[in-house]
Amino acid sequence: MSEHVVRLARVKSSLSAAEARRIALAAQGFGRARPDAAGTRQLNLALARMATLQIDSVNVFARSHYMPLFSRLGAYDTTALDRLLFARGAPYVEYWAHVAAFVPAADWALFRFRMDDMRAKYGAGSDWYDANRTIIDWVRAELADRGPLRPAQIEHDAKAGPRGPWWDWDVVKHALERLWLFGDVAIAGRRGFERDYALAEDVIPATVLAAPVARDDAVRELVRRAAQAYGVATASDLADYWRLKNRRAVMTAIGELVDAGELEPVTVAGWRSGGRPLPAWVHAGAALPRRVDAVAILTPFDPVVWFRDRAERLFDFEYRIEIYTPAPMRRFGYYSLPVLIGDDLVGRVDLKADRASSTLLVQSAWWEHAKPADAAARLADELRAAARWQGLERISVSRWGSAAADLADVLPEARRHDAGALLPVALAPDEPHEPAG
């Protein structure tokens, strides 16, 4: 079914654009059939391929962290994923990996260098930390005395004071988030979508805390994992997977991985910068399927598209979400989701789960280049599967977008509606975002 790219790379040093797409999609788990029933084992395997799972609080159709598993595995029980991610003693934990994301708890030490950088930037010597040092120490002591707590369970007179601009958090929530960025605090789980905070030693295995990873070693390991997750990638791709900002450190890691035989240099047709071929590398374990015949609706925070420059390079797909764009200025809709058919991104759909009417609303639908003849029928089947997965009984398709009429034709059971501007959906107040300063 496939051949290892490392063998291919030793024969020739270039890939076609289609080959690069197939390598990239296979690395992300799209080169295989969906299981008949996805359980814990399949969820863990998919998470291992991605290496991290981004968190986002927008919940128009489904929470973003649920979507990549549906895209790869089809319908699954989200409570099984909740147990893996949120239960006490779960094998995964949240940290600032690719922004706020889940990673294996065993990988906590790989981000110690980032925790140190966060402490240097936002800890002692920064205005907010120095002004609130007493409260920070008090919050840390509360967690030590009482164990995992939600912010609402931590009372302090300062909470009644003015709230800051950082998502309107009170001073206790702000202190918890700083301590989390520093690695002093970890997330012990969530109730609904509200976090439980605990001292790191109460969440992270002692063996992990006792085995710190040096900065250079951690960066090299993260670059290796990014290369494995991407299959084929540029230096910018590899850096973005973990938001590594030190270009020199990334290039050093790439060089060491090439020397170790884990990466092979390659050029990809169409990947150019400044009129020259853009350097790229394939991972030694990457596979080149003869074909990829996937159908999936992707979240904006799926690794396939989360780095917009890479999405344009791989798929000629220009992608921006338009949540913060005024409604009259939106091109594609409030929260449009890329549509993968075969080995290409061929469209986008703006979905909303109207729970009150048990309806999946297709607020807009658009085709891109190279749409296959059966695209509408295959997308319709995926929309039906998405509606069932979310427990929605009906589908309604708007009249907005170049694909809307095609979808209506192949969804005879669907209703039609006029697309209207959606009201903004507020981000959850506890959603992690790095401080602005």
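No experiment lies behind these values; they were computed from the predicted model shown.
Atom CZ of Arg146 has more than 12 neighbouring heavy atoms from other residues, nucleotides or ligands inside a 6.0 Å radius. Surrounding CZ of Arg355 are more than 12 heavy atoms belonging to other residues, nucleotides or ligands, all under 6.0 Å away.
Under the rule for a salt bridge (charged side-chain N to carboxylate O under 4.0 Å, His left out), the partners of Asp184 that lie at least two apart in sequence or sit in another chain are Arg119, Arg140. Residues passing the salt bridge (charged side-chain N to carboxylate O under 4.0 Å, His left out) test with Arg220 are Asp217, Glu256, sequence neighbours excluded. Applying the salt bridge (charged side-chain N to carboxylate O under 4.0 Å, His left out) rule to Arg308 yields no partners; only residues at least two apart in sequence or on another chain are considered. Taking the salt bridge (charged side-chain N to carboxylate O under 4.0 Å, His left out) definition, one finds that Arg22 meets it with nothing, sequence neighbours left out. Annotation: ring pair (Phe, Tyr, Trp, His ring centres under 6.0 Å) contacts of Trp367 (sequence neighbours excluded): none. Applying the ring pair (Phe, Tyr, Trp, His ring centres under 6.0 Å) rule to Trp281 yields no partners; only residues at least two apart in sequence or on another chain are considered. Here Glu322 pairs with Thr325, Arg330, Arg331, Phe332 under the side-chain contact (heavy atoms from CB on, under 4.5 Å) rule; sequence neighbours left out.
A donor-acceptor distance shorter than 3.5 angstrom exists from the side chain of Thr359 to the backbone of Ser357, with no hydrogens or angles considered. Between the Asp237 side chain and the Thr234 main chain, a donor and an acceptor come within less than 3.5 Å of each other.
Tyr319 and Ser336 get closest at one heavy-atom pair: OH-O, 2.6 Å. Shortest non-hydrogen contact noted between Pro205 and Ala105 is CD-CB, 4.3 Å. Summarising the geometry of Ala109 relative to Pro212, their closest heavy-atom pair is CB-CA, 4.4 Å, with the distance given to 0.1 Å. Across all their heavy atoms, Ala17 and Val268 have their closest contact at CA-CG1, 4.4 Å. Minimum interatomic distance between Pro148 and Arg88 (heavy atoms only, all atoms of both residues): CB-NH2, 3.7 Å. The nearest pair of heavy atoms linking Ala46 to Leu69 is CB-CD1, 3.6 Å.
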Stepwise, does the side chain to side chain donor-acceptor pair (under 3.5 Å) test hold for Ser64 with Thr299? CA-CA 6 Å; Ser64 187; Thr299 171; 2.7 Å; yes
Test Asp381 against Arg384 for salt bridge (charged side-chain N to carboxylate O under 4.0 Å, His left out), laying out the working first. CA-CA 5 Å; Asp381 286 342; Arg384 292 185 183 104; 2.8 Å; yes
Tyr335 vs Phe61, ring pair (Phe, Tyr, Trp, His ring centres under 6.0 Å): CA-CA, chis, key distance, verdict: CA-CA 9 Å; Tyr335 196 61; Phe61 166 61; 9.2 Å; no
One pair to check against side chain to side chain donor-acceptor pair (under 3.5 Å): Tyr76 and Gln42. What are the steps and the verdict? CA-CA 10 Å; Tyr76 70 96; Gln42 288 78 18; over 6 Å; no
Steps toward side chain to side chain contact (heavy atoms under 4.5 Å, CB included) verdict (Leu110, Leu222): CA-CA 8 Å; Leu110 287 177; Leu222 291 173; 4.2 Å; yes
Residue pair Phe315, Val304: steps toward the side chain to side chain contact (heavy atoms under 4.5 Å, CB included) verdict: CA-CA 10 Å; Phe315 305 104; Val304 173; 3.8 Å; yes
Might you work through the side chain to side chain donor-acceptor pair (under 3.5 Å) test for Arg49 and Gln28, ending with a clear yes or no? CA-CA 6 Å; Arg49 289 188 198 97; Gln28 283 288 314; over 6 Å; no
Ring pair (Phe, Tyr, Trp, His ring centres under 6.0 Å) evaluation trace for Trp180 with Tyr197: CA-CA 8 Å; Trp180 173 68; Tyr197 295 80; 8.0 Å; no
Test side chain to side chain contact (heavy atoms under 4.5 Å, CB included) on His283 and Glu264; report intermediate values, then the result. CA-CA 7 Å; His283 187 266; Glu264 291 276 353; over 6 Å; no
With side chain to side chain contact (heavy atoms under 4.5 Å, CB included) as the criterion, how do Leu361 and Val397 come out once you've worked through the C-alpha distance, each side chain's angles and the decisive distance to 0.1 Å? CA-CA 6 Å; Leu361 300 176; Val397 181; over 6 Å; no
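Applying the side chain to side chain donor-acceptor pair (under 3.5 Å) test to residues at least two apart or on different chains, the pairs with a partner in residues 337-348 are Arg348-Glu368. Applying the salt bridge (charged side-chain N to carboxylate O under 4.0 Å, His left out) test to residues at least two apart or on different chains, the pairs with a partner in residues 99-111 are Asp107-Arg225. The salt bridge (charged side-chain N to carboxylate O under 4.0 Å, His left out) analysis of residues 74-83, with sequence neighbours excluded, yields no pairs. Pairs of residues two or more places apart, or lying in two chains, never qualify as salt bridge (charged side-chain N to carboxylate O under 4.0 Å, His left out) while including a residue from residues 385-397. The list of ring-ring contact (aromatic ring centres under 6.0 Å, His included) pairs with a residue in residues 17-36, not counting sequence neighbours, is empty.
A salt bridge is defined here as a Lys NZ or Arg NE, NH1 or NH2 lying under 4.0 Å from an Asp or Glu carboxylate O, and Glu194 with Arg190 fails to meet this definition. A salt bridge links Asp293 and Arg378; the closest N-O separation between the charged side-chain nitrogens and carboxylate oxygens is under 4.0 Å. Taking 4.0 Å as the cut-off between side-chain N and carboxylate O, Asp240 and Lys245 do not count as a salt-bridged pair.
Contact of the Leu351 side chain with the Val60 side chain is not registered, since no non-hydrogen atoms from C-beta on lie closer than 4.5 Å. Side-chain contact between Leu298 and Met67: absent, with no pair of heavy atoms (C-beta onward) separated by less than 4.5 Å. Val103 is not listed as a side-chain neighbour of Leu53, based on a closest heavy-atom distance of 4.5 Å or more. Annotation: side chain of Arg150 is in contact with side chain of Asp196 (closest heavy-atom distance under 4.5 Å). Within the 4.5 Å cutoff, the side chain of Arg191 has no heavy atoms near those of the Phe86 side chain. Side chains of Gln54 and Pro303 form no contact here, defined as non-hydrogen atoms less than 4.5 Å apart. Annotation: side chain of Leu244 is in contact with side chain of Phe113 (closest heavy-atom distance under 4.5 Å). Put simply, the side chain of Leu143 reaches to within 4.5 Å of the side chain of Val185, judged on heavy atoms.
With ring centers used as reference points, Phe111 lies 6.0 Å or more from Trp96. Between Tyr334 and Tyr324, the distance from one ring center to the other does not fall under 6.0 angstrom. Within the 6.0 Å centre-distance limit, the rings of Tyr95 and Trp108 are counted as a close aromatic pair.
Using bins of under 30°, 30° to 60° and over 60° for the plane-to-plane angle, the ring pair His98/Trp306 lands in the parallel bin.
Cation-pi check for Arg243 over Phe307 is not met; the charged atom does not lie both under 6.0 angstrom from the ring centroid and within 45 degrees of its normal.
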